[in-house]
> 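One structure follows; several queries about it will come next.
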Amino acid sequence: MPSEDNAGFLEFACAMANDAGAAILPHFRGAMAIEDKGSPVGYDPVTVADRGAEAVIRAAIARAHPDHGIRGEEHGWQKGASNYTWVIDPIDGTKGFILGQLHWATLIALNDGTRPVVGVVHQPYVGETFVGTADGLAEWRRGAERRPLRTRACGSLGDAVVACTHPNMFRTPADLAAFHRVADGARFTRYGGDCYAYALLAMGLIDVVVEASLQAYDIQALIPVIESAGGVVTSWTGGRCDEGGHVVACGDPALHPRIVERLAGGT
(Lines give C-alpha, C1' and ligand atoms only; values in the text may rest on other atoms or scores of the structure.)
Protein backbone atom coordinates (compact mmCIF):
# COMPACT_ATOMS: atom_id res chain seq x y z
CA MET A 1 0.00 0.00 0.00
CA PRO A 2 1.24 3.52 -0.69
CA SER A 3 2.48 5.69 2.14
CA GLU A 4 0.13 8.34 3.49
CA ASP A 5 2.09 11.04 1.66
CA ASN A 6 2.10 9.21 -1.67
CA ALA A 7 -1.57 8.31 -1.33
CA GLY A 8 -2.44 11.97 -0.77
CA PHE A 9 -0.27 13.13 -3.65
CA LEU A 10 -1.83 10.50 -5.90
CA GLU A 11 -5.37 11.65 -5.22
CA PHE A 12 -4.30 15.25 -5.74
CA ALA A 13 -2.74 14.28 -9.09
CA CYS A 14 -5.93 12.47 -10.12
CA ALA A 15 -8.02 15.52 -9.25
CA MET A 16 -5.70 17.73 -11.33
CA ALA A 17 -5.89 15.29 -14.23
CA ASN A 18 -9.69 15.39 -14.09
CA ASP A 19 -9.66 19.20 -14.10
CA ALA A 20 -7.20 19.19 -17.01
CA GLY A 21 -9.53 16.83 -18.87
CA ALA A 22 -12.41 19.26 -18.39
CA ALA A 23 -10.26 21.94 -20.03
CA ILE A 24 -9.24 19.65 -22.90
CA LEU A 25 -12.50 18.00 -23.92
CA PRO A 26 -14.29 21.09 -25.33
CA HIS A 27 -11.54 21.20 -27.99
CA PHE A 28 -11.47 17.50 -28.83
CA ARG A 29 -12.81 16.65 -32.30
CA GLY A 30 -13.48 20.30 -32.97
CA ALA A 31 -11.86 23.07 -34.98
CA MET A 32 -8.79 24.55 -33.27
CA ALA A 33 -5.63 26.39 -34.16
CA ILE A 34 -2.58 24.14 -34.32
CA GLU A 35 1.03 25.28 -34.18
CA ASP A 36 4.12 23.29 -35.12
CA LYS A 37 6.78 23.65 -32.41
CA GLY A 38 9.31 21.90 -34.62
CA SER A 39 11.26 18.81 -33.59
CA PRO A 40 14.26 16.76 -34.73
CA VAL A 41 11.82 13.93 -35.45
CA GLY A 42 9.42 16.03 -37.52
CA TYR A 43 6.04 17.66 -37.05
CA ASP A 44 5.41 18.52 -33.37
CA PRO A 45 1.94 20.05 -32.91
CA VAL A 46 0.66 22.03 -29.95
CA THR A 47 -2.85 23.36 -29.38
CA VAL A 48 -4.73 25.64 -27.03
CA ALA A 49 -5.90 22.47 -25.27
CA ASP A 50 -2.30 21.48 -24.43
CA ARG A 51 -1.44 24.90 -23.08
CA GLY A 52 -4.73 25.40 -21.25
CA ALA A 53 -4.58 22.02 -19.54
CA GLU A 54 -1.04 22.60 -18.31
CA ALA A 55 -2.08 26.03 -16.99
CA VAL A 56 -4.88 24.38 -14.99
CA ILE A 57 -2.46 21.87 -13.46
CA ARG A 58 0.15 24.52 -12.65
CA ALA A 59 -2.43 26.72 -10.94
CA ALA A 60 -3.58 23.83 -8.76
CA ILE A 61 -0.02 23.01 -7.70
CA ALA A 62 0.73 26.65 -6.94
CA ARG A 63 -2.30 26.81 -4.64
CA ALA A 64 -1.79 23.49 -2.84
CA HIS A 65 2.00 23.10 -2.85
CA PRO A 66 3.63 26.47 -3.56
CA ASP A 67 7.08 25.16 -2.60
CA HIS A 68 7.00 22.34 -5.19
CA GLY A 69 8.73 22.62 -8.54
CA ILE A 70 6.84 22.24 -11.82
CA ARG A 71 8.31 20.84 -15.03
CA GLY A 72 5.92 20.91 -17.96
CA GLU A 73 6.16 20.38 -21.70
CA GLU A 74 4.44 23.62 -22.65
CA HIS A 75 5.42 26.14 -19.95
CA GLY A 76 8.87 25.02 -18.90
CA TRP A 77 10.60 24.27 -15.61
CA GLN A 78 9.87 26.30 -12.51
CA LYS A 79 12.20 25.19 -9.71
CA GLY A 80 10.76 24.96 -6.20
CA ALA A 81 12.13 25.26 -2.67
CA SER A 82 11.11 21.63 -2.01
CA ASN A 83 12.75 18.50 -3.43
CA TYR A 84 9.41 17.64 -5.00
CA THR A 85 8.83 18.43 -8.68
CA TRP A 86 5.67 17.76 -10.67
CA VAL A 87 6.45 16.57 -14.20
CA ILE A 88 3.60 17.22 -16.64
CA ASP A 89 2.65 16.40 -20.20
CA PRO A 90 -0.84 17.89 -20.57
CA ILE A 91 -1.59 15.91 -23.73
CA ASP A 92 0.81 13.10 -24.56
CA GLY A 93 -0.14 12.05 -28.08
CA THR A 94 -1.13 15.44 -29.48
CA LYS A 95 -0.97 14.10 -33.05
CA GLY A 96 -3.64 11.55 -32.20
CA PHE A 97 -5.60 14.22 -30.33
CA ILE A 98 -5.79 16.54 -33.34
CA LEU A 99 -6.94 13.62 -35.51
CA GLY A 100 -9.75 12.74 -33.12
CA GLN A 101 -8.14 9.43 -32.17
CA LEU A 102 -8.08 8.09 -28.61
CA HIS A 103 -4.44 7.23 -27.91
CA TRP A 104 -3.63 10.36 -25.92
CA ALA A 105 -3.70 11.19 -22.23
CA THR A 106 -2.68 13.66 -19.57
CA LEU A 107 0.49 12.55 -17.78
CA ILE A 108 1.28 13.78 -14.27
CA ALA A 109 4.23 12.55 -12.21
CA LEU A 110 5.61 13.60 -8.86
CA ASN A 111 9.39 13.28 -8.53
CA ASP A 112 10.72 13.38 -4.95
CA GLY A 113 14.16 14.56 -6.03
CA THR A 114 15.41 11.02 -6.50
CA ARG A 115 12.79 9.27 -8.63
CA PRO A 116 9.16 9.49 -9.73
CA VAL A 117 7.02 8.32 -6.80
CA VAL A 118 3.54 8.97 -8.20
CA GLY A 119 2.26 8.56 -11.75
CA VAL A 120 -1.13 9.26 -13.32
CA VAL A 121 -2.23 8.59 -16.91
CA HIS A 122 -5.70 10.01 -17.56
CA GLN A 123 -7.77 9.75 -20.75
CA PRO A 124 -10.79 11.98 -20.17
CA TYR A 125 -12.79 11.07 -23.29
CA VAL A 126 -13.08 7.40 -22.30
CA GLY A 127 -12.89 8.27 -18.61
CA GLU A 128 -10.13 5.88 -17.60
CA THR A 129 -7.09 6.46 -15.44
CA PHE A 130 -3.99 4.35 -14.83
CA VAL A 131 -2.24 5.15 -11.55
CA GLY A 132 0.88 3.95 -9.77
CA THR A 133 3.04 4.77 -6.76
CA ALA A 134 6.63 3.78 -6.09
CA ASP A 135 5.53 1.96 -2.94
CA GLY A 136 3.29 -0.51 -4.64
CA LEU A 137 -0.12 0.70 -5.81
CA ALA A 138 -0.95 -0.03 -9.44
CA GLU A 139 -4.57 0.50 -10.38
CA TRP A 140 -6.96 1.13 -13.28
CA ARG A 141 -9.88 3.42 -12.52
CA ARG A 142 -13.04 4.47 -14.31
CA GLY A 143 -15.72 6.20 -12.32
CA ALA A 144 -16.20 4.13 -9.17
CA GLU A 145 -14.51 1.05 -10.70
CA ARG A 146 -11.11 0.01 -9.38
CA ARG A 147 -9.01 -2.85 -10.73
CA PRO A 148 -5.42 -3.85 -9.96
CA LEU A 149 -2.94 -3.46 -12.80
CA ARG A 150 -0.65 -6.40 -13.45
CA THR A 151 1.72 -7.12 -16.30
CA ARG A 152 1.64 -10.55 -17.89
CA ALA A 153 4.23 -13.30 -18.10
CA CYS A 154 6.05 -13.47 -21.44
CA GLY A 155 9.48 -15.04 -21.26
CA SER A 156 10.06 -15.31 -25.01
CA LEU A 157 10.38 -12.52 -27.56
CA GLY A 158 8.71 -14.78 -30.10
CA ASP A 159 5.54 -14.67 -28.01
CA ALA A 160 5.70 -10.93 -27.36
CA VAL A 161 3.69 -8.01 -28.67
CA VAL A 162 6.03 -5.06 -29.26
CA ALA A 163 4.83 -1.46 -29.46
CA CYS A 164 6.38 1.79 -30.64
CA THR A 165 4.81 5.16 -31.43
CA HIS A 166 6.56 5.61 -34.80
CA PRO A 167 9.84 4.50 -36.42
CA ASN A 168 10.85 8.11 -37.07
CA MET A 169 11.71 8.49 -33.38
CA PHE A 170 14.86 6.46 -34.14
CA ARG A 171 17.12 9.20 -35.44
CA THR A 172 20.07 7.12 -36.63
CA PRO A 173 20.36 3.98 -38.76
CA ALA A 174 21.95 2.23 -35.76
CA ASP A 175 18.96 3.03 -33.53
CA LEU A 176 16.50 1.86 -36.17
CA ALA A 177 18.46 -1.34 -36.69
CA ALA A 178 18.45 -1.96 -32.92
CA PHE A 179 14.69 -1.54 -32.82
CA HIS A 180 14.24 -3.99 -35.71
CA ARG A 181 16.39 -6.59 -33.96
CA VAL A 182 13.67 -6.60 -31.31
CA ALA A 183 10.58 -6.03 -33.47
CA ASP A 184 11.50 -8.57 -36.16
CA GLY A 185 11.72 -11.33 -33.55
CA ALA A 186 8.35 -10.57 -31.96
CA ARG A 187 4.96 -12.11 -32.58
CA PHE A 188 3.87 -8.76 -34.01
CA THR A 189 4.51 -5.04 -33.69
CA ARG A 190 1.98 -2.25 -33.24
CA TYR A 191 2.64 1.42 -33.95
CA GLY A 192 0.89 4.58 -32.82
CA GLY A 193 0.21 4.07 -29.12
CA ASP A 194 2.10 6.99 -27.53
CA CYS A 195 1.72 6.80 -23.74
CA TYR A 196 -1.17 4.36 -24.07
CA ALA A 197 1.17 1.54 -25.11
CA TYR A 198 2.93 1.77 -21.74
CA ALA A 199 -0.39 1.87 -19.88
CA LEU A 200 -1.58 -1.23 -21.75
CA LEU A 201 1.71 -2.95 -20.93
CA ALA A 202 0.92 -2.32 -17.25
CA MET A 203 -2.53 -3.80 -17.88
CA GLY A 204 -1.00 -7.00 -19.29
CA LEU A 205 -2.01 -6.50 -22.92
CA ILE A 206 1.35 -5.50 -24.47
CA ASP A 207 4.72 -7.07 -23.60
CA VAL A 208 7.45 -4.68 -24.78
CA VAL A 209 7.68 -1.00 -25.71
CA VAL A 210 10.86 0.24 -27.41
CA GLU A 211 11.22 3.96 -28.10
CA ALA A 212 13.73 6.79 -28.42
CA SER A 213 13.74 10.60 -28.50
CA LEU A 214 11.62 10.82 -25.34
CA GLN A 215 11.64 13.68 -22.84
CA ALA A 216 11.31 13.47 -19.05
CA TYR A 217 7.65 14.48 -19.22
CA ASP A 218 6.95 11.63 -21.68
CA ILE A 219 8.07 8.88 -19.30
CA GLN A 220 8.15 9.87 -15.62
CA ALA A 221 4.42 9.37 -14.99
CA LEU A 222 4.63 5.93 -16.62
CA ILE A 223 7.51 4.62 -14.50
CA PRO A 224 5.56 4.12 -11.21
CA VAL A 225 2.60 2.65 -13.11
CA ILE A 226 4.71 0.04 -14.92
CA GLU A 227 7.00 -0.84 -12.03
CA SER A 228 4.18 -1.19 -9.49
CA ALA A 229 2.31 -3.41 -11.95
CA GLY A 230 5.30 -5.78 -12.05
CA GLY A 231 7.14 -4.53 -15.12
CA VAL A 232 10.53 -2.97 -15.81
CA VAL A 233 11.29 0.29 -17.60
CA THR A 234 14.87 1.43 -18.24
CA SER A 235 17.19 2.96 -20.78
CA TRP A 236 18.34 0.72 -23.62
CA THR A 237 21.44 -0.10 -21.57
CA GLY A 238 19.43 -1.08 -18.50
CA GLY A 239 19.95 2.15 -16.54
CA ARG A 240 17.62 4.87 -15.34
CA CYS A 241 15.38 6.52 -17.91
CA ASP A 242 13.85 9.35 -15.86
CA GLU A 243 15.14 11.93 -18.34
CA GLY A 244 13.76 10.08 -21.35
CA GLY A 245 16.00 9.35 -24.31
CA HIS A 246 16.14 5.69 -25.33
CA VAL A 247 13.54 3.75 -23.33
CA VAL A 248 12.55 0.08 -23.16
CA ALA A 249 9.68 -1.26 -21.05
CA CYS A 250 8.99 -4.96 -20.46
CA GLY A 251 6.02 -6.46 -18.71
CA ASP A 252 7.93 -9.60 -17.74
CA PRO A 253 11.20 -8.81 -15.89
CA ALA A 254 12.68 -12.09 -17.17
CA LEU A 255 12.40 -10.85 -20.76
CA HIS A 256 14.00 -7.48 -20.09
CA PRO A 257 17.70 -8.51 -20.18
CA ARG A 258 17.14 -10.35 -23.46
CA ILE A 259 15.64 -7.24 -25.02
CA VAL A 260 18.51 -5.10 -23.72
CA GLU A 261 20.96 -7.60 -25.25
CA ARG A 262 19.22 -7.40 -28.63
CA LEU A 263 19.24 -3.63 -28.54
CA ALA A 264 22.99 -3.76 -27.93
CA GLY A 265 23.53 -5.97 -30.97
CA GLY A 266 22.97 -9.48 -29.66
CA THR A 267 20.55 -12.08 -31.00
Side-chain angles (χ1 to χ4, degrees), residues 39-41 87 89 92-93 103 105 107 109 111 114-116 119 121 130 132 134 138 149-267:
S39 164
V41 295
V87 184
D89 192 342
D92 184 273
H103 284 168
L107 304 183
N111 191 304
T114 301
R115 60 176 178 161
V121 182
F130 303 80
L149 288 173
R150 193 68 192 168
T151 60
R152 68 183 175 192
C154 180
S156 167
L157 177 58
D159 295 327
V161 177
V162 173
C164 171
T165 296
H166 196 282
N168 73 359
M169 59 175 29
F170 305 112
R171 300 183 190 176
T172 68
D175 281 358
L176 185 60
F179 168 73
H180 279 297
R181 283 194 296 272
V182 175
D184 293 350
R187 174 166 290 174
F188 71 90
T189 300
R190 190 71 173 173
Y191 293 112
D194 290 285
C195 61
Y196 241 82
Y198 296 88
L200 295 175
L201 181 144
M203 189 176 258
L205 300 172
I206 289 173
D207 303 295
V208 181
V209 182
V210 178
E211 297 198 316
S213 306
L214 299 187
Q215 302 295 324
Y217 45 73
D218 295 317
I219 195 63
Q220 289 207 20
L222 298 161
I223 292 171
V225 176
I226 292 168
E227 291 183 343
S228 295
V232 179
V233 54
T234 69
S235 71
W236 283 14
T237 58
R240 295 277 294 270
C241 63
D242 301 15
E243 292 302 308
H246 293 64
V247 172
V248 55
C250 289
D252 188 334
L255 183 58
H256 179 260
R258 301 174 199 171
I259 301 301
V260 168
E261 183 179 1
R262 284 213 173 206
L263 290 167
T267 58

> Taking all non-hydrogen atoms of both residues, which atom of A197 and which atom of A163 are closest, and how far apart?
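Smallest interatomic distance, heavy atoms only, reads CB-CB, 3.8 Å.
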> Give, for atom CD1 of I259 and atom CG of L263, the distance between the pair rounded to the nearest 0.5 Å.
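I259 atom CD1 to L263 atom CG measures 7.0 Å (nearest 0.5 Å).
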> For the residue pair A134 and P116, what are the closest heavy atoms and their distance?
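Looks like CB-O, 4.0 Å.
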> With rounding to the nearest 0.5 Å, note down the distance linking OH in Y196 to CD1 in I206.
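Here the rounded value is 11.5 Å.
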> Using every non-hydrogen atom in the two residues, find where H256 and G238 come nearest and quote the distance to one decimal.
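Reported closest heavy-atom pair: CE1-CA, 4.3 Å.
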> So V161 and V208, side-chain contact (heavy atoms from CB on, under 4.5 Å) or not? Walk me through it.
CA-CA 6 Å; V161 177; V208 181; over 6 Å; no
> What residues, two or more places apart in sequence or in another chain, satisfy salt bridge (charged side-chain N to carboxylate O under 4.0 Å, His left out) together with D242?
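With neighbours one apart ignored, the set is R240.
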> Hey, what do you get for NE2 (H103) to CG (D92), rounding to the nearest 0.5 Å?
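That separation rounds to 12.0 Å.
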> Considering non-hydrogen atoms only, spot the tightest contact between A221 and L107 and give its length.
CB-CB, 3.9 Å
> Looking at V225 and A202, what are the two nearest heavy atoms and their distance?
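For V225 and A202, the tightest heavy-atom pair comes out as CG1-CB, 3.8 Å.
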> Is there side-chain contact between S213 and F170, with heavy atoms separated by less than 4.5 Å?
no
> Looking only at heavy atoms, what is the nearest atom pair of A254 and P257, with distance?
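Closest heavy-atom pair between A254 and P257: O-CD, 3.6 Å.
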> Hey, are the side chains of E243 and Q220 touching, using non-hydrogen atoms and a 4.5 Å cut-off?
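In short, these two side chains touch, coming nearer than 4.5 Å.
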> May I have the step-by-step check of side-chain contact (heavy atoms from CB on, under 4.5 Å) for C241 and I223, ending in yes or no?
CA-CA 9 Å; C241 63; I223 292 171; 4.1 Å; yes
> About how many Å separate NE2 of H166 and CG of N168, when rounded to the nearest 0.5 Å?
5.0 Å
> Restricting to side chain to side chain contact (heavy atoms under 4.5 Å, CB included), what partner residues turn up for A249, sequence neighbours left out?
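A249 satisfies side chain to side chain contact (heavy atoms under 4.5 Å, CB included) with Y198, L201, V209, I226, V233 only.
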> Assess the residue pair D252 and T151 against the criterion (side-chain contact (heavy atoms from CB on, under 4.5 Å)); give the C-alpha distance rounded to whole Å, side-chain angles, the decisive distance to 0.1 Å, and a yes or no.
CA-CA 7 Å; D252 188 334; T151 60; over 6 Å; no
> Answer yes or no: is there a side-chain heavy-atom contact under 4.5 Å between L222 and C195?
yes
> Output all residues satisfying side chain to side chain contact (heavy atoms under 4.5 Å, CB included) with D159, sequence neighbours left out; order by chain, then residue number.
C154, S156, R187
> Could you grab the distance from atom CD1 of I219 to atom CG of L214, nearest 0.5 Å is fine?
6.0 Å
> Check this for me: R190, atom CZ, are more than 12 non-hydrogen atoms of other residues, nucleotides or ligands nearer than 6.0 Å?
no
> Can you say whether the rings of H246 and W236 are parallel (under 30°), tilted (30 to 60°) or perpendicular (over 60°)?
perpendicular
> Where do E211 and T165 land on the side-chain contact (heavy atoms from CB on, under 4.5 Å) test, with the steps shown first?
CA-CA 7 Å; E211 297 198 316; T165 296; 2.6 Å; yes
> Is there a side-chain contact between V162 and D207, using heavy atoms and a 4.5 Å cut-off?
no
> How long is the span from the CZ atom in R181 to the CZ atom in R262, to the nearest 0.5 Å?
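Here the interatomic distance stands at 9.0 Å.
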